[in-house]
Amino acid sequence: MGKYFGTDGFRGEANIGLTAEHAYKTGRFLGWYYGELRRRAGDESAPRIVIGKDTRRSSYMFEYALAAGLTASGADACLLHVTTTPSVAYIARVDGFDCGIMISASHNPYFDNGIKLINRQGEKFDEETISLIEAYLDGRLEAFGRRWEELPYATGAKVGRSVDYIAGRNRYIGYLISLGVYSFRGKKVGLDCANGSAWNIAKSVFDALGAKTYVINAEPNGTNINLNAGSTHIEGLQKFVVENGLDVGFAYDGDADRCLCVDEKGQVISGDHILYVYGRYMKDRGKLTNNTVVTTVMSNFGLYKAFDELGIDYAKTAVGDKYVYEYMMTNGCRLGGEQSGHIIFSKYASTGDGILTSLKMMEVMMARKQPMSE
């Protein structure tokens with residue numbers, strides 16, 4: 001891990017560990033770097049970089065600081081506004097962006113924030129590029145065969161623009177809806193949006209697929225993200241599901257790249273359970289490529305015992321969905337994830353996606369014609 005960027009981006013308390021200056025300089029570097037790569041390939045057009053954010057109060061500050069840095073270096077900053085991390089990864093990949101940026105500290109409290117960097121394939125940044133960003137933040141950048149005391153500013157018509165790109169978020173919603181194999185009509189589904197990124201996306205998807213949707217913690221005010229809500233405080237959803245007689249409940253974290261489930265009895269279904277349920281479902285249909293599910297060293301021994309009984313192989317990586325995804329790509333695996341609820345379905349997404357995970361668990365319920373508890 002680097003000085004600023006860990007396995008899940010640059011994270012810290014807003015304006016203490018992670019400041020607006022950090023965000024501005026990150027934008028300055030990315031705008032310049034991708035512009036330079038384009039120029040060296042004979043392309044004089046402006047780089048395009050897409051930005052999403054969660055509902056933290058400081059996310060607006062970091063969004064504008066990043067956009068200022070990007071445009072000052074000659075890039076166009078396309079703003080998705082409040083959206084999920086997996087939506088940024090999806091749009092970066094399908095709409096041909098140079099890279100994507102997500103402003104979020106995931107499941108952390110509101111006063112923390114973070115900058116997650118996503119490449120044009122929708123994957124987390126490589127260590128080499130991150131090292132260059134860190135070198136620039138520390139005033140010791142060496143790139144393209146020379147040392148850079150400061151990066152050049154764009155001038156005249158080369159100055160970048162900030163562009164509203166909310167249509168990209170709507171495209172992502174449409175993509176999720178398109179993955180619905182079954183109608184959810186007749187099913188009562190609870191969603192805990194953690195007062196975070198999923199608050200204006202998840203319900204739209206489930207409603208479109210026919211579910212009777214009940215939502216809690218979908219009133220973000222900038223300081224209540226993850227506050228006694230979402231996948232890190234799932235007891236609220238457990239109570240809600242039981243009291244309202246719901247068929248199932250799904251809890252997301254602040255940027256909705258995680259999902260945990262609650263069955264109709266109020267029992268928690270962890271990421272390990274999800275890997276078991278969907279891994280078995282894939283194997284039964286002959287869809288489990290290499291007959292392998294990718295886990296981390298934090299997974300429960302019981303999961304491996306259950307896989308052994310089913311004849312399913314498994315791999316163990318270091319903690320972090322980044323490492324899970326890298327193993328999946330190297331070895332052609334279709335399913336992997338973490339106990340915390342980061343689940344990756346590599347056929348459909350390049351990162352953990354909480355809403356996608358909930359759709360896939362609904363698919364198993366509908367296909368098996370069984371309640372979640374069974």
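What you are looking at is a predicted structure, and each value in this text was computed from that prediction instead of being measured. Count residues from 1 along the sequence.
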### Query
When you measure from the centre of the six-membered ring of Tyr281, is the NZ or CZ of Arg285 under 6.0 Å away and within 45° of the axis?
yes

### Message
For Tyr323, does the six-membered ring have the charged nitrogen or CZ of Lys316 within the cation-pi criterion, i.e. under 6.0 angstrom from the centroid and within 45° of the normal?
### Response
no

Are the aromatic rings of [X] and [Y] close, with centres under 6.0 Å apart?
{"X": "Phe97", "Y": "Tyr165", "result": "yes"}
{"X": "Tyr278", "Y": "Phe345", "result": "yes"}
{"X": "Phe144", "Y": "Trp32", "result": "yes"}

Would you call [X]-[Y] a salt bridge at under 4.0 Å N-O?
{"X": "Lys53", "Y": "Glu63", "answer": "yes"}
{"X": "Lys188", "Y": "Asp247", "answer": "no"}
{"X": "Asp112", "Y": "Arg56", "answer": "no"}
{"X": "Arg368", "Y": "Asp284", "answer": "yes"}
{"X": "Asp263", "Y": "Lys265", "answer": "no"}

### Task
Let me see the working for Glu150 and Tyr136 under side-chain hydrogen bond (donor to acceptor under 3.5 Å, both in side chains), right down to the final yes or no.
CA-CA 8 Å; Glu150 188 47 83; Tyr136 174 59; 2.9 Å; yes

Any side-chain heavy atom of [X] within less than 4.5 Å of one from [Y]?
{"X": "Lys116", "Y": "Ile101", "result": "no"}
{"X": "Glu36", "Y": "Leu151", "result": "no"}
{"X": "Lys322", "Y": "Glu326", "result": "yes"}
{"X": "Ile173", "Y": "Val205", "result": "yes"}
{"X": "Ser346", "Y": "Met329", "result": "yes"}
{"X": "Glu44", "Y": "Arg38", "result": "no"}
{"X": "Leu275", "Y": "Leu335", "result": "yes"}
{"X": "Leu303", "Y": "Thr295", "result": "yes"}

May I ask you to decide if [Y]'s main-chain N or O and [X]'s side chain share a donor-acceptor pair within less than 3.5 Å?
{"X": "Asn224", "Y": "Leu227", "answer": "no"}
{"X": "Thr330", "Y": "Tyr327", "answer": "no"}
{"X": "Ser73", "Y": "Gly31", "answer": "no"}
{"X": "Thr55", "Y": "Val82", "answer": "no"}
{"X": "Asn226", "Y": "Gly254", "answer": "yes"}
{"X": "Asp253", "Y": "Asp257", "answer": "yes"}
{"X": "Glu338", "Y": "Gly320", "answer": "yes"}
{"X": "Thr292", "Y": "Tyr314", "answer": "no"}
{"X": "Asp207", "Y": "Gly210", "answer": "no"}
{"X": "Asn113", "Y": "Arg11", "answer": "no"}

So which atom in [X] and which in [Y] form the shortest heavy-atom distance, rounded to 0.1 Å?
{"X": "Arg258", "Y": "Ser106", "result": "NE-OG, 4.5 Å"}
{"X": "Asp255", "Y": "Thr85", "result": "OD2-OG1, 2.6 Å"}
{"X": "Arg48", "Y": "Asp95", "result": "NH1-O, 3.2 Å"}
{"X": "Met361", "Y": "Cys261", "result": "CG-SG, 4.0 Å"}
{"X": "Lys283", "Y": "Asn291", "result": "NZ-OD1, 3.1 Å"}
{"X": "Met372", "Y": "Glu264", "result": "N-OE1, 3.6 Å"}

Going from [atom1] on [X] to [atom2] on [Y], what distance comes out if it is rounded to the nearest 0.5 angstrom?
{"X": "Phe250", "Y": "Ser231", "atom1": "CZ", "atom2": "OG", "value": "13.5 Å"}
{"X": "Asp192", "Y": "Cys259", "atom1": "CG", "atom2": "SG", "value": "10.5 Å"}
{"X": "Asn119", "Y": "Asp98", "atom1": "CG", "atom2": "CG", "value": "11.0 Å"}
{"X": "Tyr175", "Y": "Ser87", "atom1": "OH", "atom2": "OG", "value": "12.5 Å"}
{"X": "Ile177", "Y": "Ile355", "atom1": "CD1", "atom2": "CD1", "value": "10.5 Å"}
{"X": "His107", "Y": "Ile225", "atom1": "NE2", "atom2": "CD1", "value": "11.5 Å"}

When you group the ILVMFWY residues by side-chain heavy-atom contacts below 4.5 Å and let the links chain together, are [Y] and [X] in the same group?
{"X": "Phe10", "Y": "Tyr33", "answer": "yes"}
{"X": "Leu359", "Y": "Val277", "answer": "yes"}
{"X": "Met366", "Y": "Leu191", "answer": "yes"}
{"X": "Tyr252", "Y": "Met362", "answer": "yes"}
{"X": "Leu246", "Y": "Val268", "answer": "yes"}

### Message
Once you measure the plane-to-plane angle for Tyr90 and Tyr172, does it fall in the parallel (<30°), tilted (30-60°) or perpendicular (>60°) bin?
### Response
tilted

### Message
Exactly one of Phe5, Tyr4, Phe29 should register a ring pair (Phe, Tyr, Trp, His ring centres under 6.0 Å) with His22. Which one does?
### Response
Tyr4

With a cut-off of 6.0 Å (strictly less than), are more than 12 heavy atoms of other residues, nucleotides or ligands near [atom1] of [X]?
{"X": "Arg39", "atom1": "CZ", "value": "yes"}
{"X": "Met298", "atom1": "CE", "value": "no"}
{"X": "Glu235", "atom1": "CD", "value": "yes"}
{"X": "Glu374", "atom1": "CD", "value": "yes"}

#### Entry: From CA spacing to verdict: side-chain contact (heavy atoms from CB on, under 4.5 Å), Met282, Arg334
CA-CA 9 Å; Met282 291 181 74; Arg334 286 285 183 85; 3.6 Å; yes

### Message
Under a 3.5 Å threshold, yes or no: a donor from one side chain and an acceptor from the other, between Asp272 and Ser270?
### Response
no

### Task
May I have the step-by-step check of salt bridge (charged side-chain N to carboxylate O under 4.0 Å, His left out) for Glu142 and Arg147, ending in yes or no?
CA-CA 4 Å; Glu142 292 185 24; Arg147 183 178 179 89; 3.7 Å; yes

### Query
What do the steps show when you test Tyr325 against Glu123 for side-chain hydrogen bond (donor to acceptor under 3.5 Å, both in side chains), and what is the final call?
CA-CA 9 Å; Tyr325 182 75; Glu123 304 162 350; 3.1 Å; yes

### Task
Could you check Leu237, Ile234, Ile269 and say which one makes a side-chain contact (heavy atoms from CB on, under 4.5 Å) with Leu260?
Ile234

